Amino acid sequence: MTVASVAVATVLALAPLRRPGLPANLSFRLTLVLNEVPFICFCWLLLCTAWAFSQRDVRSVVGWLTVGLAALTAAGLAVIARNGMRAGPVVERALADALGEDWRARIDPEAAARLRRRLPLGRILFGPFLRRRRDVVRRANIGYGDAGRRNLLDVYHHRSRPSGGPVLIHLHGGRYDRGGKNSQSLPLIHRLASQGWVCVSANYRLRPDARHPDHLIDLKKVIAWVREHGHEYGADPSKLFASGSSAGAHLAALAALTPNDPAFQPGFEEVDTTVTAAVCLNGYYGNYYDQGPDSSPLAYVAADAPPFFIAHGDHDTVVPVDIARRFADALREVSANPVVYAELPGAQHAFDLFHSFRFERVVDAIESFAARIDAREKAAGPGDRESPQSDRLCTQP
């Protein structure tokens with residue numbers, strides 16, 4: 001039964017069922033862990049097979065067929081692992097396409113020196129589910145609005161609390177009717193916080209008690225909170241990145257594309273809600289349930305859109321990858337700023353939950369993207385202004 005279960009999950013990871021509804025959801029649920037940490041399943045499979053041989057259970061035709069199935073499954077797991085490792089070259093190519101082949105040379109040397117050169121293999125192999133770091137402090141359940149626990153946020157910062165750190169605001173996914181802070185993209189949050197960032201993970205109101213634009217208004221309130229209180233945690237609120245997973249990416253994109261729009265800032269219209277850039281992971285970019293096109297980020301794409309980093313799995317059965325492609329293409333067509341789009345081979349939905357080879361490569365790419373954007377911002381001054389299109393122009397032959 002163990003071998004059969006892992007075999008089924010392996011097949012669904014390699015060839016997911018894409019039909020909307022139960023088939024797509026089944027593919028996602030059964031492959032969530034296996035697709036990101038296949039070596040754990042491989043070790044379990046190996047252990048079970050070795051145990052069967054030690055107990056002399058492999059004597060019948062069924063027994064040998066089971067061993068054969070285990071061998072085929074192991075080969076499939078190797079392919080899944082290889083797909084995860086392919087994320088590195090893919091995100092490197094995406095950065096070069098959007099930021100220019102020489103983007104590393106155009107980063108501040110001090111920032112470049114802080115970029116990670118090696119993957120955290122120990123954490124990936126032996127602690128993929130770990131959620132904490134000793135050098136990061138989490139300040140939990142801080143209120144930013146009047147909606148009770150749905151208007152609470154957590155702040156993550158380095159124990160030494162350095163000053164002037166950039167800010168990452170992250171919004172969880174869950175189809176707008178479930179989920180909560182302290183659940184998604186934690187490898188990203190902890191990595192950035194360990195490097196001096198101030199990271200904020202927030203709850204927001206959910207359906208059916210809330211609907212669009214209530215969720216967006218909540219995110220704008222989080223931005224307003226950071227503008228007012230971020231310095232208390234060592235943040236520089238002028239460097240603010242909006243990020244999200246799935247539905248949270250929908251929110252982050254909307255917030256990035258609607259800065260200072262009074263329609264989404266009732267009662268705090270005067271607050272600056274601009275963001276430096278947006279980071280969108282396995283995001284949805286279409287209409288909000290039964291509402292019209294104005295509930296989609298696509299309705300607000302414009303030349304002054306901030307820089308975007310978009311990552312999506314080509315095996316995503318919850319939000320098909322063509323939705324992300326369409327959004328990235330729409331941004332590239334009109335935006336004067338860089339649009340990094342990384343389509344991750346073999347990645348399912350919610351690839352950002354664990355310390356995997358795939359997501360750690362994405363984390364490194366996001367940190368590099370932020371360093372390059374920061375360099376562009378610093379270069380934007382009187383008499384020394386870097387063109388907002390310079391990153392894209394340098395990629396032309």
Side-chain angles (χ1 to χ4, degrees), residues 91 95 99 103-120 122-124 127 130-140 142 144 153-171 181-182 184-202 222-245 252 256 272 274-279 281 306-307 309 340 352 355 359-380:
V91 295
L95 288 169
L99 305 179
W103 66 268
R104 289 188 184 275
R106 303 168 77 194
I107 293 177
D108 180 78
E110 184 178 345
R114 290 196 299 268
L115 296 179
R116 191 167 61 186
R117 296 289 185 258
R118 298 178 181 177
L119 286 175
R123 188 172 287 264
I124 292 172
L130 293 180
R131 294 191 165 199
R132 296 182 180 180
R133 291 179 60 118
R134 292 182 179 180
D135 55 353
V136 173
V137 174
R138 174 191 172 212
R139 310 291 183 183
I142 301 170
Y144 70 86
L153 58 82
D154 297 343
V155 177
Y156 299 77
H157 63 81
H158 195 275
R159 285 192 179 277
S160 64
R161 195 178 292 195
S163 60
V167 180
L168 179 86
I169 295 175
H170 183 268
L171 278 298
K181 58 183 177 61
N182 193 37
Q184 296 170 11
S185 284
L186 292 179
L188 170 65
I189 289 171
H190 281 92
R191 167 62 189 174
L192 295 183
S194 75
Q195 298 302 300
W197 286 60
V198 175
C199 299
V200 176
S201 182
V222 175
I223 295 173
W225 184 92
V226 169
R227 294 273 193 253
E228 182 177 356
H229 298 283
H231 66 279
E232 299 171 15
Y233 302 89
D236 177 359
S238 68
K239 303 174 184 177
L240 195 156
F241 290 69
S243 70
S245 306
D272 177 16
T274 58
V275 303
T276 304
V279 175
L281 306 175
F309 181 100
V340 177
D352 60 326
H355 294 280
F359 190 46
E360 291 294 347
R361 286 300 189 190
V362 173
V363 168
D364 289 347
I366 292 170
E367 192 173 7
S368 298
F369 166 76
R372 177 62 191 122
I373 297 306
D374 183 58
R376 295 174 82 249
E377 293 290 314
K378 289 178 178 177

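No experiment lies behind these values; they were computed from the predicted model shown.
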Between Ile366 and Leu281, is the side-chain contact (heavy atoms from CB on, under 4.5 Å) condition met? List the steps.
CA-CA 11 Å; Ile366 292 170; Leu281 306 175; 4.2 Å; yes
A side-chain contact here means heavy atoms from C-beta on lying under 4.5 Å apart; do Asn182 and Ser201 qualify?
no
Side chain of His355, backbone of Leu130: donor and acceptor closer than 3.5 Å?
yes
Hey, does Phe241 have a side-chain heavy atom less than 4.5 Å from the side chain of Trp197?
yes
In Å and rounded to the nearest 0.5 Å, what is the CD1 to CG distance from Ile189 to Asp154?
8.5 Å
Testing the basics here: between Val279 and Ala252, what is the closest heavy-atom pair and its distance to 0.1 Å?
O-CB, 4.5 Å
Side chains of Asp352 and Val362: closer than 4.5 Å at any heavy-atom pair?
no
Does Asp364 reach the side chain of Leu119, with side-chain heavy atoms less than 4.5 Å apart?
yes
For Gly234, is there any backbone N or O sitting under 3.5 Å from a side-chain donor or acceptor partner on Ser163?
no
Just do the side-chain contact (heavy atoms from CB on, under 4.5 Å) check on Arg114 and Asp108 with the steps written out, would you?
CA-CA 10 Å; Arg114 290 196 299 268; Asp108 180 78; over 6 Å; no
Backbone N or O of Leu186 within a donor-acceptor pair of the His190 side chain at under 3.5 Å?
yes
Test item: Tyr233 and Val200 side chains (from C-beta on) under 4.5 Å apart, heavy atoms:
no
Taking the side chain as everything from C-beta on, heavy atoms only, tell me whether Arg139 gets closer than 4.5 Å to His157.
yes
Reported CD-to-CG distance for the pair Gln184 and Leu171, which is rounded to 0.5 angstrom
10.0 Å
Can you check side-chain contact (heavy atoms from CB on, under 4.5 Å) on Phe359 and Leu188, steps first, answer last?
CA-CA 8 Å; Phe359 190 46; Leu188 170 65; 3.9 Å; yes
Stepwise salt bridge (charged side-chain N to carboxylate O under 4.0 Å, His left out) check, Glu367 with Arg191
CA-CA 9 Å; Glu367 192 173 7; Arg191 167 62 189 174; 3.0 Å; yes
Heavy atoms of Val167 and Asp236 approach each other most closely as CG2-O, 4.0 Å
Measuring only between side-chain heavy atoms, which start at C-beta, is Pro166 closer than 4.5 Å to Asp374?
no
May I have the step-by-step check of salt bridge (charged side-chain N to carboxylate O under 4.0 Å, His left out) for Glu360 and Arg123, ending in yes or no?
CA-CA 10 Å; Glu360 291 294 347; Arg123 188 172 287 264; over 6 Å; no
Minimum heavy-atom distance Thr276-Ser238, with the two atoms named:
OG1-O, 3.4 Å
Please report the closest heavy-atom contact between Ile107 and Ala371, naming both atoms and the distance.
CG2-CB, 3.8 Å
Say you draw a straight line from CG of Asp135 to CD of Gln195; how long is it, rounded to the nearest 0.5 Å?
8.0 Å
Straight-line distance of Cys199 SG to His158 NE2, nearest 0.5 Å
12.0 Å
Would Val91 and Phe369 satisfy side-chain contact (heavy atoms from CB on, under 4.5 Å), going step by step from the backbone distance to the final call?
CA-CA 10 Å; Val91 295; Phe369 166 76; over 6 Å; no
Check whether any side-chain heavy atom of Arg161 sits under 4.5 Å from a side-chain heavy atom of Val137, and report yes or no.
no
Rounded to the nearest 0.5 Å, what's the gap from CG on Leu95 to CZ on Arg372? Could you check?
11.5 Å
Heavy atoms only: give me the nearest Pro307-Arg376 pair and the separation to one decimal.
CG-NH1, 4.2 Å
How long is the gap from CZ on Arg133 to CZ on Arg159, to the nearest 0.5 Å?
11.5 Å
Minimum heavy-atom distance between Ser245 and Ser185, given as atom pair plus value
OG-OG, 3.3 Å
